[in-house]
Engineer: 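Following this message is one structure expressed as structure tokens.
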Amino acid sequence: MQVKDLMNPSAVTVEPTSSAALAARLISRHNVGALPVCGSDRRLRGMVTDRDIVLRCVAAEEDPAQTPVRDIMTRSCATVAPGDDCREATRLMALHQVRRLPVVDKGRLVGMISLSDLARSGRFDMEAAQALSEISENIIVR
């Protein structure tokens with residue numbers, strides 16, 4: 001099965017010049033953990049997560065309304081292509097310890113795929129479980 005068969009083709013995005021506050025509202029409104037950061041041309045510039053907003057903006061005592069996403073986003077992120085096998089997506093998620101990947105075709109964002117997309121398919125639940133285990137390896141329980 002290919003990534004395009006399971007990806008969400010209507011990913012919500014944010015522009016690099018948008019505020020961290022707007023990114024936080026979009027994350028909350030759409031109940032997602034991360035947003036692809038794209039220019040008006042849909043070219044992927046990076047990713048911003050709820051954790052990026054908290055650690056790189058709020059905890060750093062920056063004003064989310066005045067902090068542009070480009071200042072807190074992760075610039076180089078793993079991606080997959082729509083024609084890639086879904087097992088490659090789970091491998092990359094485990095390797096990079098992420099739960100979601102942007103799906104990019106010729107540099108442009110065409111969707112997102114998450115561990116939950118893979119697990120819900122029923123065909124990759126073992127791969128998704130293994131990836132989640134590897135992603136969670138470095139979590140310290142307090």
Side-chain angles (χ1 to χ4, degrees), residues 1-62 64-65 67-142:
M1 186 173 279
Q2 295 180 324
V3 167
K4 67 182 175 188
D5 299 321
L6 295 179
M7 72 179 196
N8 177 354
S10 57
V12 177
T13 65
V14 66
E15 292 195 1
T17 55
S18 297
S19 70
L22 174 62
R25 286 192 302 275
L26 289 170
I27 286 171
S28 175
R29 182 177 304 135
H30 296 281
N31 194 30
V32 294
L35 296 172
V37 181
C38 298
S40 58
D41 58 0
R42 299 278 298 174
R43 289 204 174 274
L44 184 67
R45 307 287 201 278
M47 292 284 289
V48 66
T49 66
D50 48 4
R51 191 166 196 265
D52 292 332
I53 295 166
V54 170
L55 296 179
R56 296 178 181 169
C57 184
V58 177
E61 297 183 5
E62 299 292 335
T67 303
V69 167
R70 71 173 167 261
D71 290 354
I72 61 169
M73 71 183 190
T74 300
R75 293 180 189 282
S76 56
C77 49
T79 64
V80 288
D84 286 350
D85 187 278
C86 288
R87 285 178 182 81
E88 174 64 5
T90 59
R91 187 189 74 74
L92 286 171
M93 287 178 193
L95 179 67
H96 294 279
Q97 294 190 307
V98 296
R99 297 169 192 254
R100 56 197 68 78
L101 290 172
V103 182
V104 176
D105 187 24
K106 298 180 182 120
R108 288 182 166 62
L109 182 77
V110 295
M112 291 288 289
I113 189 162
S114 69
L115 266 182
S116 61
D117 296 327
L118 294 158
R120 277 195 306 266
S121 78
R123 295 184 62 187
F124 300 98
D125 45 351
M126 291 301 291
E127 289 91 343
Q130 180 63 34
L132 180 60
S133 173
E134 291 178 28
I135 290 166
S136 302
E137 266 182 2
N138 68 347
I139 294 176
I140 299 169
V141 179
R142 295 178 192 250

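Side chains are part of it too, since the values below use all heavy atoms of this structure and drop only hydrogens, waters and symmetry mates.
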Engineer: What's the spacing between Thr79 OG1 and Met47 CE if we round to 0.5 Å?
Structural biologist: 10.5 Å
Engineer: At what distance, to the nearest 0.5 angstrom, does CG of Leu92 lie from CG of Asp84?
Structural biologist: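 Reported value, rounded in 0.5 Å steps: 8.0 Å.
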Engineer: How close do Ala81 and Val103 get, counting heavy atoms only, and between which atoms?
Structural biologist: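 Shortest heavy-atom separation between Ala81 and Val103 comes out as C-CG1, 3.9 Å.
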Engineer: Report, one line per pair, each donor and acceptor closer than 3.5 Å where one atom sits in a side chain of residues 69-77; sequence neighbours left out.
Structural biologist:
residue	atom	partner	partner atom	Å
Thr74	OG1	Arg56	NH1	3.4
Arg75	NH2	Arg70	O	2.8

Engineer: Under the side-chain hydrogen bond (donor to acceptor under 3.5 Å, both in side chains) rule, collect the residues that match up with Glu62, sequence neighbours excluded.
Structural biologist: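 Glu62: no side-chain hydrogen bond (donor to acceptor under 3.5 Å, both in side chains) contacts found.
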Engineer: Quick check: closest heavy atoms across Gln2 and Pro82, and the distance to 0.1 Å?
Structural biologist: CB-O, 3.7 Å
Engineer: Please tell me if the side chains of Cys38 and Leu109 come closer than 4.5 Å, counting only heavy atoms from C-beta onward.
Structural biologist: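 Sidechains of Leu109 and Cys38: in contact.
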Engineer: Using side-chain heavy atoms (C-beta onward) and a distance below 4.5 Å, is Leu101 in contact with Met93?
Structural biologist: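 Of all side-chain heavy-atom pairs linking Met93 with Leu101, at least one is under 4.5 Å.
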Engineer: Are side-chain heavy atoms of Ile113 and Val80 found at a separation under 4.5 Å?
Structural biologist: yes
Engineer: Among residues two or more places apart or on two chains, list those pairs meeting side chain to side chain donor-acceptor pair (under 3.5 Å) that have a residue in residues 34-51.
Structural biologist: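 Those involving residues 34-51 are Asp41-Arg45, Thr49-Asp52.
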Engineer: Please evaluate residues Cys86 and Leu118 with respect to the criterion side-chain contact (heavy atoms from CB on, under 4.5 Å), reporting the C-alpha separation (whole Å), side-chain torsions for both, the decisive distance (0.1 Å), and the verdict.
Structural biologist: CA-CA 8 Å; Cys86 288; Leu118 294 158; 3.7 Å; yes
Engineer: Which residues satisfy the salt bridge (charged side-chain N to carboxylate O under 4.0 Å, His left out) test with Arg100, sequence neighbours excluded?
Structural biologist: none
Engineer: Report, one line per pair, each donor and acceptor closer than 3.5 Å where one atom sits in a side chain of residues 20-36; sequence neighbours left out.
Structural biologist:
none

Engineer: Side-chain atoms of residues 6-17: list all donor-acceptor pairs with protein atoms under 3.5 Å, sequence neighbours left out, distances to 0.1 Å.
Structural biologist:
residue	atom	partner	partner atom	Å
Asn8	OD1	Ser10	N	2.9
Asn8	OD1	Ser10	OG	3.0

